[in-house]
Structures are given as structure tokens and as C-alpha cells.
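Scroll down for the structure; my scribbles are underneath it.
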Amino acid sequence: MNRENFGSKLGAILAAAGSAVGLGNVWRFPIETGQNGGAAFIIIYIMCIITLGLPIMISEFLIGRYTHSNTAGAYRILSDGSPWKWVGRMGVFTGWFILCYYAVVGGWTMHYTFLSLTNAFAGVPATQFGQIFEDFTANPWIPSLWFILFIGITHFIITRGVQSGIERFSKIMMPTLFIITLLLTFCSLSLPGAADGIEFLLKPDWSKVNSTVVLAAVGQAFYSLSLGMGCLCTYASYFDEKTPLAKTATHVAIIDTFIAVMAGFIIFPSMFNIGMNPNEVGAGAGLAFVSLPNVFQQALSGSPLLAILFSTLFYFLLFVAALTSAMSLHEVATAYITEEFNLSRRKGTLIITGTVLILGLLCSLSFGPLSGIQLFGRNIFSLFDDFSGMVLLPLGGMLISIFAGWRLDRQLYRNEISNGGDLRTPYFKALIFSLRYIAPLAIGLVFLDQQGAFNFLKH
Ligand code: PHE
């Protein structure tokens with residue numbers, strides 16, 4: 001079958017960075033950093049990226065590029081008929097599964113962009129923002145329509161293919177995201193009180209660092225780099241033989257970390273400006289859709305126009321970040337179904353979009369009409385969110401590192417990362433060591449921690 005490749009190295013980096021930079025960078029990293037020791041957390045986070053994020057990312061790149069196949073095909077080719085082929089299938093399933101709820105949040109970012117643009121937050125009392133968000137998500141129509149629009153845009157890009165879809169749009173959207181980030185950072189840093197925000201984010205406090213904090217850093221590094229499923233493997237299957245895998249992975253990790261730290265520079269100065277205590281704010285949707293619209297409104301109340309602009313750009317930034325991640329999730333499933341079942345891209349994309357539409361609508365409606373459907377005390381949306389984040393991703397990550405460290409042929413590994421001997425690979429031994437021992441152990445501990453296995457230590 002004739003397969004497309006990315007047309008340039010830059011396109012490959014931007015597409016992979018687009019997958020990595022997502023909601024996690026904005027609504028989780030800054031809060032986790034601020035509350036867990038500032039610069040101390042950032043240092044631990046960067047160490048996690050180097051010791052386990054990069055080895056796994058390089059391995060996922062390698063598996064994709066070597067086989068030039070969708071994720072299920074890639075692991076099948078490399079597993080010689082053994083059950084390891086299931087790791088690839090699981091990676092495809094995880095991508096598709098995450099997309100179902102991730103795209104719902106993508107829709108929320110569009111709605112909030114629209115609300116900001118139409119100045120709907122002006123004059124709203126601080127206590128009302130929670131209610132606004134609840135009313136919105138409980139509405140049977142509005143969030144569902146935004147979700148459909150969001151998945152429609154993702155569909156439109158994916159159906160156009162690798163070069164004129166994913167690559168072309170990544171090349172437009174990633175620089176846009178970068179410029180907006182810098183603009184918002186600049187604006188937030190010029191607010192009175194900004195210094196306190198920077199101090200909160202950056203002041204190292206090693207006394208806060210304990211095993212739970214380290215595990216949080218591992219988990220965040222992992223999620224933020226889109227590891228443990230099929231995204232990076234699928235994108236790497238479109239890399240050409242000259243793409244340097246370790247260097248590309250390093251670039252992606254640097255971009256991802258940079259945007260995450262900048263998000264902190266956007267959020268905290270404005271929070272301190274209005275006297276809000278970030279230690280009392282939780283990460284996630286509550287931060288992005290309840291605390292922040294209020295923060296922006298109040299911090300910039302002196303200039304209504306600036307408030308509109310700032311808030312609109314912020315939600316547009318979230319939208320772009322979510323969209324480029326959603327593209328990578330969609331592509332995992334689309335590449336799988338088109339290649340394994342010999343369908344045209346048009347048909348394959350349609351089938352994936354159709355299935356995501358159905359399940360995504362269930363997720364979307366689970367805050368309103370379907371809120372009565374609960375399992376383990378969670379609504380449908382949270383089931384999707386938690387099952388993927390707490391089970392599928394850690395399990396996938398652990399299996400991938402064991403597969404790459406113990407099962408893949410060493411010669412093949414070395415040959416691939418050196419591009420057939422062209423590049424030096426002084427880090428090779430350390431990389432294999434991490435894949436064999438450090439990564440599986442660290443991810444295993446995160447997994448157990450998330451299941452509450454260490455709760456008895458926390459009292
Ligand atoms: N890395 C994305 C983020 O930071 C989330 C994501 C995870 C996207 C896994 C794709 C796959 O939000």
C-alpha cells in the first residue's frame with residue numbers, strides 16, 4: 001500500500017508536539033507545580049522526562065517508523081505471533097477511547113471562546129461562574145452541538161490525510177499557539193502583583209517533595225507527552241528514514257515543557273493580582289472553566305476591551321491545544337481501520353468519527369439528562385476519563401517499555417535510532433536500562449498509587 005510521509009522534519013516535530021501540548025499543559029501542570037514545591041517540582045518533572053519520558057517516546061517513535069504501519073500493525077509485525085501484538089491493539093483502543101471524552105472538552109473550549117468574545121462574562125459576580133459552568137454542561141443541547149462541531153473540525157483535517165491535513169494544520173496551529181502563549185504571558189506578567197505569581201510557580205520548596213509528589217510528576221510527564229498508547233507510534237510511522245528519532249523526541253519534550261511552564265506564567269500572576277489563593281484551586285475543568293474566567297475578568301476589569309481580548313485568546317489557545325491533540329487521537333484509530341480493513345481514508349475517517357460521535361454524545365449528556373447513569377460513583381464522562389487515565393495509559397506505558405526493553409532486538413533498536421549508523425548514540429545503554437527497569441517500575445508505582453494502594457502511608 002502506498003503510504004504518505006510527513007513532508008519535512010519540522011512538520012514531524014510540530015505534529016508530535018501538537019499531540020503532546022494539550023489540556024494537560026494548561027489545566028494540570030501549573031497547579032501541580034505551584035502546589036508541589038515550584039521549581040523543585042519542575043526539576044523532578046524534567047528528570048522524569050529525561051529518565052523515562054524520552055526513552056519511551058523514542059521507543060514509540062522507533063516502533064512506528066521501523067514498521068511504517070498503524071499501531072496495531074506495528075506491534076503485530078514486531079511480535080512474531082506472540083501476545084505482545086495486543087499492546088498495539090490496546091494502544092489503538094486507548095486513542096479512540098480518550099478521543100470520545102477529550103473532544104467533549106474541546107467543545108467546551110469553543111463555547112468559552114465564544115462567551116469571551118461576546119463579552120458574556122462582563123459584570124458577572126465571582127460566585128456565579130460555577131453555576132454558569134454547571135448550567136452549561138447540564139444543558140442537553142449546547143455542549144453537544146459544540147462537541148459535534150469540534151469533532152467535525154477534527155474530521156475535516158484528518159480526512160485530508162497526512163501532509164495536507166495533519167502536517168499542514170500543525171504548521172499553522174502550533175506557531176499560532178506559540179504566539180498566543182507569548183502574548184498572554186507578556187500581558188499577565190505586566191499586571192500588578194505578578195511577582196507573587198512567579199514566586200508561587202518557581203520558588204523551590206523541597207520540603208513539599210515526597211513520594212506522592214514524585215509519582216504525580218511521573219504521571220504528569222507521561223500524560224503530557226501523550227505516551228503509553230498509539231499517538232506517537234502512529235505519527236512516527238509517517239517519519240522518513242532520515243528523521244532523527246532521539247532529537248525529534250527531545251524537541252517535542254522541550255516544546256511541551258516550555259508551553260506548560262508558560263501556562264503557569266499566564267495563570268498565576270493574574271490569580272495573585274485579584275488575591276485568589278492558588279492552593280485552594282483544584283486542577284482540571286474547574287480551574288479552566290470556573291476559576292479562570294473570573295480571574296481574567298477581575299484582573300482586567302480596568303479595561304473591558306483587554307478583558308475580552310485576553311479571555312478570548314486564552315480559550316482559543318485551549319481550543320488549539322485540544323484540537324491538535326484530538327487530531328493525533330483520531331489518526332491512531334483512522335490509520336488502524338483504513339490499513340487493517342483496507343478502507344479508503346474517507347471511509348475510515350467517517351467510521352471513526354461516527355463511533356466517537358455516539359460515545360462522545362453519551363459523555364456530553366452525562367452532565368445533564370444522563371447524569372443518573374452512574375458506575376463506581378462516576379458519570380459516563382468520568383468513567384471514560386478515569387479508566388483511560390488510571391488504567392489504560394499506565395498499563396500501556398508499562399507494557400510498551402517492557403516490550404521495547406526486553407523483547408525488541410537490541411541490534412534493530414540501535415540501528416533504528418542511529419538511522420543505520422549515521423548518528424552517534426552514546427545514550428544507548430542508559431536508554432535500554434531505563435526501559436528495562438526504571439520505566440516499568442516507576443509507572444507500576446504510579447498505577448498502584450492511583451488505585452489507592454499507598455493510601456495507608458498517607459495518614
Ligand atoms: N498530551 C495531551 C495533553 O497534555 C493529552 C493526550 C494524551 C493526548 C494522550 C493524546 C494522547 O493534554
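All residue numbers in this chain count up from 1 along the given sequence. Both counts, for ligands and for their atoms, begin at 1 and track the order of listing. Predicted model, so just to flag it, every value in this text is computed and none were measured.
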Worksheet entry | Main-chain N/O of L350 paired with T353 side-chain donor or acceptor, under 3.5 Å |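 No, T353 side chain to L350 backbone: no donor-acceptor pair under 3.5 Å.
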Fill in: Min side-chain heavy-atom separation I438-F433 under 4.5 Å
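They are in contact (side-chain heavy atoms under 4.5 Å apart), so the answer is yes.
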Discussion item. Which heavy atom of T33 sits nearest to which heavy atom of L201, and what is that distance?
Written reply: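 So the two residues come closest at CG2-O, 3.7 Å.
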Item to complete: Provide, to 0.1 Å, the distance between atom 7 (C) of ligand 1 and the closest protein heavy atom, together with that atom's residue and name.
Response: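 Heavy-atom neighbour on the protein nearest atom 7 (C) of ligand 1: Y223 O, 3.7 Å.
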Which atoms of ligand 1 have any heavy atom of [X] under 4.0 Å away?
X	value
S19	1 (N), 2 (C), 8 (C)
S224	1 (N), 4 (O)
L329	10 (C), 11 (C)

Worksheet item: Under a 4.0 Å heavy-atom limit, does L227 contact ligand 1 with its side chain, its backbone, both, or neither?
Response: neither
Discussion item. Applying a heavy-atom cut-off of 4.0 Å, say which part of Y102 lies close to ligand 1: side chain, backbone, both or neither.
Written reply: side chain
Check this for me - ligand 1, [X], N or O atoms closer than 3.5 angstrom, yes or no?
X	result
C231	no
N25	yes
I98	no

Item to complete: Could you check which of A322, S226, G396, G22 puts a non-hydrogen atom nearest to atom 6 (C) of ligand 1?
Response: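 Nearest option to atom 6 (C) of ligand 1, by heavy atoms: S226.
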Worksheet item: Charged N to carboxylate O under 4.0 angstrom, R65 versus E60?
Response: no
